[in-house]
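Position 1 is the first residue of the sequence; numbering continues from there.
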Amino acid sequence: MLEALRKAVYAANMELPQRGLVTYTWGNVSGIDRQQGLVVIKPSGVSYEELTPDKLVVLDLNGSVVEGDLNPSSDTKTHLELYKAFPALGGVVHTHSPYAVAWAQAGEDIPCYGTTHADYFYGPVPCARGLTKEELDEDYEKNTGKVIVETFRARNIDPVHVPAVICRSHGPFTWGKTAAEAVYHAVVLEEVAKMALLTRQVKGDAEPAPTHVVEKHFMRKHGPNAYYGQK
C-alpha cells in the first residue's frame, strides 16, 4: 500500500541523521496521500539503522492503523492535527535539533535577522505557547498540534509562508508540500536558528531585518513574480 509514498517518507526519515538533525531516535517524518486520506509515518522508537520502508506505519486521519505491525510515532497525533488544519501540507517533520530547541526552551520566536532567514520564512518563526497541565494530561500530542494551529491562526500566519514552528520547552516542527521539502525546511530552520543565536551573541539587542528587505527576499523566491532560480 502506498509504495511510492512509503519510499519517499523512508528517504526523508533517513536524511535526518545524515543532516545531523537527530540523535538516536529523536525525530520523525510523515507524508500524506490527500486523495486517500492516509498518512505514512515512522514507527515509534525504531532506530534509523533498523528502519526500512516496510516498517513504516499507514494510518487514516483519525489515527487508526490501516497497515503496519509497529506502533506509529509517539508524535503521530501532532502530525494529524497539522494535516487536518492545513490542507497544503504534504509532509511533516519533528526533530530535536539543538539550535531550534534552544529557542524553544527560551520560549522565544526565532527572529528574522537577515536575508537567509527571509529566503525561506516570511518573518519570525513563531514559538507556540506551552501546554497547560490540563492540556498535557488530557492528550499531550494532540493538544501540541492544536496549540500549533492556534498559534498560526491567532497571529494570522500563513503556514505555507512560514513552514515551521517551535513549541515551548519542546522543539521544532516543519512541513512542506512533500516529506522531502519538510526535511529541507528542517535543515534550513536549524541553520537560521544558529545564525540568530550567533547574532544575539554579537549584539544582544540586534534589530530584526527591515520589513522591505524581508519582503524582497521572500517574494523573489516565493511571490507571484518570483525570479530566483531557473524556469
Side-chain angles (χ1 to χ4, degrees), residues 8-9 11-13 15-16 18-22 27-32 78-79 82-83 85-104 106 108-128 148-149 151-153 155-167 170-200 202 206-231:
V9 172
N13 271 286
E15 191 171 354
L16 295 184
Q18 293 167 9
R19 296 287 184 176
L21 294 182
V22 299
N28 45 73
V29 183
S30 69
I32 186 170
T78 307
H79 289 238
L82 296 176
Y83 286 129
F86 303 142
L89 275 56
V92 175
V93 173
H94 174 52
T95 76
H96 289 258
S97 58
Y99 287 98
V101 166
W103 287 93
E108 288 198 34
D109 295 357
I110 302 175
C112 182
Y113 283 126
T115 61
T116 308
H117 183 127
D119 278 339
Y120 299 95
F121 306 109
Y122 195 28
V125 174
C127 182
I148 294 170
V149 174
T151 299
F152 276 70
R153 289 180 175 165
R155 299 202 202 181
N156 197 29
I157 301 171
D158 184 341
V160 174
H161 287 175
V162 182
V165 69
I166 52 176
C167 295
H170 188 179
F173 284 84
T174 61
W175 47 81
K177 295 187 294 291
T178 63
E181 186 177 73
V183 172
Y184 184 90
H185 289 149
V187 175
V188 174
L189 177 67
E190 182 66 358
E191 286 299 308
V192 300
K194 180 179 180 180
M195 292 174 183
L197 179 61
L198 292 172
T199 301
R200 281 275 184 93
V202 172
E207 292 288 333
T211 301
H212 62 277
V213 172
V214 175
E215 183 84 14
K216 178 65 176 180
H217 269 263
F218 186 82
M219 289 301 169
R220 74 174 188 157
K221 292 190 76 169
H222 308 284
N225 299 311
Y227 59 87
Y228 179 90
Q230 304 301 314
K231 296 292 184 184

K.L.:
Working to the nearest 0.5 Å, report the span between NE2 of His170 and OG1 of Thr78.
P.N.:
7.5 Å

K.L.:
Check whether any side-chain heavy atom of Thr95 lies under 4.5 Å from a side-chain heavy atom of Arg19, and answer yes or no.
P.N.:
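Contact flag for Thr95/Arg19 side chains = no.
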
K.L.:
Evaluate the side-chain proximity of Val101 to Pro172: yes if any heavy-atom separation is below 4.5 Å, no if none is.
P.N.:
yes

K.L.:
Looking only at heavy atoms, which two atoms of Ile157 and Pro126 are closest? And how far apart?
P.N.:
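Reported closest heavy-atom pair: CD1-CG, 3.9 Å.
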
K.L.:
If you take all heavy atoms of Ser97 and Glu190, which pair is closest and at what distance?
P.N.:
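Of all heavy-atom pairs spanning Ser97 and Glu190, the closest is OG-OE1, 2.8 Å.
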
K.L.:
Check whether Trp175 reaches the backbone of Leu82 with its side chain - one donor and one acceptor, N or O, closer than 3.5 Å.
P.N.:
no

K.L.:
Can you name the closest pair of heavy atoms from Ala118 and Val214 and give their distance?
P.N.:
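Minimum heavy-atom separation between Ala118 and Val214: CB-CA, 3.8 Å.
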
K.L.:
Is any side-chain heavy atom of Cys112 less than 4.5 Å from a side-chain heavy atom of His117?
P.N.:
yes

K.L.:
Considering residues, nucleotides and ligands other than Arg220, do more than 12 of their heavy atoms fall under 6.0 Å from its CZ?
P.N.:
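Yes, the 6.0 Å shell around CZ holds more than 12 heavy atoms from other groups.
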
K.L.:
Does atom NZ of Lys216 have more than 12 heavy-atom neighbours, drawn from other residues, nucleotides or ligands, at distances under 6.0 Å?
P.N.:
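Open: at most 12 neighbouring heavy atoms sit under 6.0 Å from NZ of Lys216.
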
K.L.:
In terms of relative ring orientation, are His79 and Tyr83 parallel, tilted or perpendicular, with 30° and 60° separating the classes?
P.N.:
tilted

K.L.:
Let me confirm one number: the CH2-CD1 distance from Trp103 to Ile166, rounded to the nearest 0.5 Å.
P.N.:
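Atom-to-atom, Trp103:CH2 and Ile166:CD1 are 8.0 Å apart.
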
K.L.:
Going from CG on Leu197 to OH on Tyr113, what distance comes out if it is rounded to the nearest 0.5 angstrom?
P.N.:
9.5 Å

K.L.:
So, the side chain of Glu181 versus the backbone of Gly91: is there a donor-acceptor pair under 3.5 Å, distance only?
P.N.:
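Judged by distance alone, no pair lies under 3.5 Å.
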
K.L.:
Exactly one of Val162, Val192, Val188 should register a side-chain contact (heavy atoms from CB on, under 4.5 Å) with Tyr120. Which one does?
P.N.:
Val188

K.L.:
Quick one: closest heavy-atom pair of His217 and Thr115, and the distance?
P.N.:
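It is NE2-CG2, 3.2 Å.
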
K.L.:
Between the side chains of Glu215 and Tyr122, does any donor sit under 3.5 Å from an acceptor?
P.N.:
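Yes - a donor-acceptor pair under 3.5 Å links their side chains.
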
K.L.:
How long is the straight-line distance from CZ of Phe121 back to NE2 of His222, given to the nearest 0.5 Å?
P.N.:
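Going from the NE2 atom of His222 to the CZ atom of Phe121 covers 9.0 Å.
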
K.L.:
Compare every heavy atom of Thr174 with every heavy atom of Ala182, then report the nearest pair and how far apart it is.
P.N.:
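Taking every non-hydrogen atom into account, O-OG1, 2.9 Å.
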
K.L.:
Does a side-chain heavy-atom distance below 4.5 Å link Leu89 with Ile32?
P.N.:
no

K.L.:
For Thr116 and Glu191, what are the C-alpha separation, side-chain angles and deciding distance, and is it a side chain to side chain contact (heavy atoms under 4.5 Å, CB included)?
P.N.:
CA-CA 9 Å; Thr116 308; Glu191 286 299 308; over 6 Å; no

K.L.:
Could you tell me whether the side chain of Phe218 reaches within less than 4.5 Å of the side chain of His161, counting heavy atoms only?
P.N.:
yes

K.L.:
Give, for atom CD1 of Ile110 and atom CZ of Arg200, the distance between the pair rounded to the nearest 0.5 Å.
P.N.:
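With rounding to 0.5 Å, CD1 (Ile110) is 10.5 Å from CZ (Arg200).
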
K.L.:
List the atom of Ala88, the atom of Val160, and the distance in Å for their closest heavy-atom pair.
P.N.:
CB-CG2, 3.7 Å

